[in-house]
Peer 1: 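Input: one structure, supplied below.
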Amino acid sequence: MAVYVLSEGAGPGSQVPSHLTRIPIAGLSPSSDFTNKTVKGKVIHKGPLVTVEAGDFILKSVIHEEDAMQSSCSQKTSINIIIFGALAENFNHTVSQGDVVLASGFIVGKSPTANKDKLHSCNLLLSGDDACIYVSKQKPPDPRCQLASKRSSLSCPEDPRSVKAPKYTYVRLDQLKTGTVVNVYGVVTFFKQPFKSRGTDYCSSLKITDQSNKKIGCTIFCEMLEEHPTIFQTGDIVRMHRVKVQLYNKSFTLINTRGFSVVTFDGSVGVAIEPRTSSSTFHFDDSDRRTVEELRSWSASQTLLPSVSAAVPLSAVQPNTYFDLTCQLLAKASVDTTCTLLRVWDGTRCPHTLLKVIVEPNVTEGPSSFSERKESHIANVLVYDNHVEFARDLKPGAFLRIYNLRAIPGSSKVPGLTSSQPVEVDHLAFHLHGGTSYGRGIRVLPENTPDVQELKRIMEAFSDDEEDDVSEMNDSELLEVWSTPPEFLDGDAVDCQTVRTCRHRLQPVTLSQVKQSDPSQVHHVRVQLRSYQPHRLHQALKLFCSKCASIQDIPDDELVALIFSEASKHSKACSRPPWALAGHVDLPAGTSGCRSVYLSPRLMIPGRTDQLIFLMGCTLEETCQLAAAYPNIIPVSSSGGQLALLDLSAPCLFRGKNRYYGCKRCSEAALREPSPEGMEGINERTIAKDLGVQLLQSVLLMKLELQDATDTLDVFLWKHAELFFSVAAEDVSANQEAQNRIRQAMDILCPAEGSNGERPWLDLCLMAYCTEGDERKNQTCYQICNTVVVKPTSK
DNA sequence: GGTTAGGGTTCG
């Protein structure tokens, strides 16, 4: 007694046991013997599953013989079939209307409904061990059927793997149509952990992209947390079924609809494809596997996608940065109603002195003290507001990822019972601010994730015994390991000047192996830096347009100064735009005179009238001086009697020491009145939007020559350059400290010829990819990814 | 069945 699903396309006949013979429906009569006989028909009606008593069922169906054997129009070729017991339940799960079935082991009875339904005068009764139904799926059935096929362990007698589940079709993100319900695949470029909405559900917010390069926002409302996407980091791949395409703010958004389901995969090339889903019905076949692999490979080659991970180990945390921390919770304590202390570690030691928070032992969950050495590896994380509720459910021992954690230097203002720790410059405090901006939140990581496995490996190697520490090795030992070719080194034995922040579980390879590998792969290497370009680090700073992907040098100051002086020559009285108010601003002391400015009356809010000024007739030098006093300056000049923006070769905006440029190709720049809504949180993005300017982004671009015992290799440092140096590219142009940080890092990684410094070994994650441009088509390039320079521990 | 939100850092 079973329902067998036959493989697609083979036709029911080919996989049915050969001792069975098919007979026509029309010729059935109650008296005959039907041992080893079958009838075949399409299911034209499928009744509900009726429970007679617990575990006993009846189901009525009608099949129609389409390729009627020896039949004429007048003959009855549709017949009722009544199925009993577990077979009925099985049939209900497996068979859909439209399927073609072949039944055997039946009894033929007299149909009591023949007069009413005008069907065959007989019916087929299927019950007991002899009854059998072979199904040939004719169309994609309700996806819920897959659950049934798993539960009831349906199989085809010849080949269990031939059970074909329906094939879903997936819409590329540039093919979305408003109002349709679609299935999609995408690489996550932004996400928020589910947070409580004002309604009844939790809300997940994410943005995804695919090979079409379209970025689509998605909003998922589900009451149950487990129904939400299980996203651990940007770069993860999601597959969503039954999301509706809506238009919001002229952009498509995807929102879950009835029957929504989502599966998430790790997005890294080379990591096992393990679906993360709460859905027990989910379907995954070779074509899904292919899709995931293609998206991984494509994503790895995209320099425009956000960093694969913002994850930084405690050993590489820099003050004044936001980062993601993968860690284990050791203990926690409620500080007050809006703040909870999480004591965490990741097995590495932060070179900065960390803030100490003292709480009473009786409010601490988990151990209230640790060995001195372990204590030095523990970070105190203060989580606020909405995160307090989430933290309440966390258990010591859990593995966590804390998103958008902020490292604040020198802060001693901590609520509750704190030590009277003096404010020292090097003290670092970790805050998870309230809200969900930038995906702020906490997620518990399951034990089987690669990240947690890696964490455990590091933690197991941790010893409370100070002597075991590698840093305690004497110089001659260090010299010995440093002069050993990298392929002979144990992965952890050397103090490396860099650490990888990725989760690829890859064995390090040599550069010669890298060169022999296929492109679109990720490699881990241990190398030295032989040389790098440009040596004048300010030349490493470029301007990048995220819209047209062009990259250009930062305009030379002389050129910019020339544009300003030319513009100021032509700055005579001109008609002001109807919305603007005209005024004057005094030049800084030491220079004489004053200059025309224009203001928007929308900004004439007490206390903030000078938030944004349009400045006319100033030299570059004067503008820079005024930028110290006015937070936002837009240089303008007179053009044809009208007030106009300067040529986009010059900065379109000064904000303090920062200058912002627009893309000439992608901007439709014009002087427009600032939008009032922008004034609440005025910044370079809101201003650029008002002016129609596509802002150029500061990026760092360097070429590094790597070497090991086997070969040398030129690689780029671009997409993850900010992570590598722990600086914001934007700061590099205006901030001496950021410039020094890069200079110092490069001096350590690649000491100048003749200096005493040894070239340190570097653990790097390298991404290989093919260039797509016409000129250098199919050339393999390499970029350093997921790698952070570690500063030597301050003595 | 309809609603929630619609990314863009902070009180600490």
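To find a chain, count down the sequence lines: A is the first, B the second, and so on, and within it residues start at 1.
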Peer 1: For the pair made of CZ in A:Phe221 and C1' in B:dT4, what is the distance, rounded to whole Å?
Peer 2: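 Value for this atom pair: 4 Å.
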
Peer 1: A:Arg440 has a side chain; which of B:dT3, B:dG8, B:dT10 sits nearest to it?
Peer 2: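 Given the options B:dT3, B:dG8, B:dT10, the side chain of A:Arg440 is closest to B:dT10.
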
Peer 1: For atom P, what is the distance between B:dT10 and B:dG6, given to the nearest Å?
Peer 2: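 Roughly 14 Å separates the two P atoms.
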
Peer 1: Would you mind telling me which of B:dG2, B:dT10, B:dA5 lies closest to the side-chain atoms of A:Thr200?
Peer 2: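 Taking heavy atoms from C-beta onward, the closest nucleotide is B:dG2.
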
Peer 1: B:dG12, B:dT4, B:dG6: which one has an atom nearest the side-chain heavy atoms of A:Thr338?
Peer 2: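 My answer, after comparing the listed nucleotides, is B:dG12.
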
Peer 1: Could you check whether A:Gly435 gets within reach of a base, just the sugar-phosphate, or nothing at all, counting any heavy atom under 4.0 Å?
Peer 2: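 Since no nucleic acid heavy atom lies under 4.0 Å of A:Gly435, the category is nothing.
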
Peer 1: Side chain of A:Lys207 only, please: which of B:dG12, B:dG7, B:dT4 is the nearest?
Peer 2: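 Selected nucleotide (nearest to the side chain): B:dG7.
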
Peer 1: From the set B:dT9, B:dG8, B:dG6, return the single nucleotide nearest to any side-chain atom of A:Phe195.
Peer 2: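 For A:Phe195, the side-chain atoms sit closest to B:dG6.
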
Peer 1: For B:dG8, does either OP1 or OP2 sit under 4.0 Å from a side-chain N or O belonging to A:Ser437?
Peer 2: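 For B:dG8, OP1/OP2 do have a side-chain N/O of A:Ser437 under 4.0 Å.
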
Peer 1: Ignoring hydrogens and geometry beyond distance, is a side-chain donor-acceptor pair present between A:Arg401 and A:Thr326 at under 3.5 Å?
Peer 2: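 Yes, A:Thr326 and A:Arg401 have a side-chain donor paired with an acceptor closer than 3.5 Å.
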
Peer 1: Which part of the nucleic acid, if any, lies within contact of A:Arg406, taking any heavy atom under 4.0 Å across all strands shown: a base, the sugar-phosphate backbone alone, or nothing?
Peer 2: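 Since a base atom lies under 4.0 Å of A:Arg406, the category is base.
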
Peer 1: Could you check which of B:dG12, B:dG7, B:dG8 has an atom nearest any side-chain atom of A:His433?
Peer 2: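 So the nucleotide nearest the side chain must be B:dG12.
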
Peer 1: Taking the six-membered ring for Trp, does A:Tyr438 stack with B:dG8 (centroid gap under 5.5 Å, planes within less than 30°)?
Peer 2: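 Answer is no, no stack.
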
Peer 1: Within this structure, what is the CG-to-P distance between A:Asn386 and B:dA5, rounded to whole angstrom?
Peer 2: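 Computing the A:Asn386:CG to B:dA5:P distance gives 13 Å.
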
Peer 1: Compute the ring centroids of A:Phe190 and A:Tyr438, then answer whether they are less than 6.0 Å apart.
Peer 2: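 Between A:Tyr438 and A:Phe190, which both carry aromatic rings, the centre distance is not below 6.0 Å.
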
Peer 1: Check every strand shown and say whether A:Ile255 touches a base, only sugar-phosphate, or nothing at a heavy-atom separation below 4.0 Å.
Peer 2: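 Contact class for A:Ile255: base.
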
Peer 1: Can you confirm whether or not the ring centre of A:His387 sits under 6.0 Å from the ring centre of A:Phe195?
Peer 2: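 No, the ring centres sit 6.0 Å or more apart.
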
Peer 1: Taking atom P of B:dT4 as reference, at what distance in whole Å does atom CD of A:Glu227 sit?
Peer 2: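 Atom-to-atom, A:Glu227 to B:dT4, this comes out as 19 Å.
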
Peer 1: Measure up the A:His433 and A:Tyr384 rings against each other and bin them: parallel (under 30°), tilted (30 to 60°), perpendicular (over 60°).
Peer 2: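 Plane angle under 30°, so parallel.
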
Peer 1: Rounded to the nearest angstrom, tell me the gap between atom CZ in A:Arg685 and atom C1' in B:dG7.
Peer 2: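 From A:Arg685 CZ to B:dG7 C1': 10 Å.
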
Peer 1: Where does B:dG8 fall, syn or anti, if syn means a chi angle no more than 90° from 0?
Peer 2: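 B:dG8: syn glycosidic orientation.
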
Peer 1: Using the closest heavy atom to pick a nucleotide of DNA chain B for each, name whichever of A:Thr219 or A:Leu432 lands nearer the 5' end.
Peer 2: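 Closer to the 5' end of DNA chain B: A:Thr219.
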
Peer 1: Whole Å only: how far is the CZ atom of A:Arg258 from the P atom of B:dG2?
Peer 2: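 Value for this atom pair: 10 Å.
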
Peer 1: Using atom OH of A:Tyr202 as one end and atom C1' of B:dG6 as the other, report the distance to the nearest whole Å.
Peer 2: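 After rounding, the gap between these two atoms is 20 Å.
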
Peer 1: As a quick check of understanding, evaluate side chain to side chain donor-acceptor pair (under 3.5 Å) for A:Glu730 and A:Tyr660, giving each step before the final call.
Peer 2: CA-CA 9 Å; A:Glu730 189 175 298; A:Tyr660 295 91; 2.7 Å; yes

Peer 1: Contact class for A:Asp385 vs. all strands (heavy atom < 4.0 Å): base, sugar-phosphate, or nothing?
Peer 2: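 Base, at least one base heavy atom under 4.0 Å.
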
Peer 1: Can you tell me how the ring of A:Phe265 sits relative to the ring of A:Tyr185, calling it parallel under 30°, perpendicular over 60° and tilted otherwise?
Peer 2: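 It falls in the parallel class, under 30°.
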
Peer 1: Could you check how far CD of A:Gln246 sits from P of B:dT4, rounded to whole Å?
Peer 2: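 Distance check: A:Gln246 CD to B:dT4 P gives 11 Å.
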
Peer 1: Is there a donor on the side chain of A:Lys192 or the base of B:dG7 sitting less than 3.5 Å from an acceptor on the other?
Peer 2: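 It does not, because no donor-acceptor pair links the side chain of A:Lys192 to the base of B:dG7 below 3.5 Å.
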
Peer 1: So, A:Asn249 and A:Ser251: side-chain donor and acceptor under 3.5 Å apart, yes or no?
Peer 2: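 Result is no, nothing qualifies.
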
Peer 1: Rounded off to whole Å, could you give me the CG-to-P distance for the A:Leu382 and B:dT9 pair?
Peer 2: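 In whole Å, B:dT9 P lies 22 Å from A:Leu382 CG.
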
Peer 1: Using OP1 and OP2 only, check whether a side-chain N or O of A:Arg198 sits under 4.0 Å from B:dT3.
Peer 2: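 Result: no.
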
Peer 1: How is A:Lys196 classified with respect to the nucleic acid when contacts are heavy atoms under 4.0 Å: base, sugar-phosphate, or nothing?
Peer 2: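 It contacts nothing in the nucleic acid.
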
Peer 1: From the set B:dT9, B:dA5, B:dG7, return the single nucleotide nearest to any side-chain atom of A:Cys203.
Peer 2: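 Minimum distance to the A:Cys203 side chain belongs to B:dA5.
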
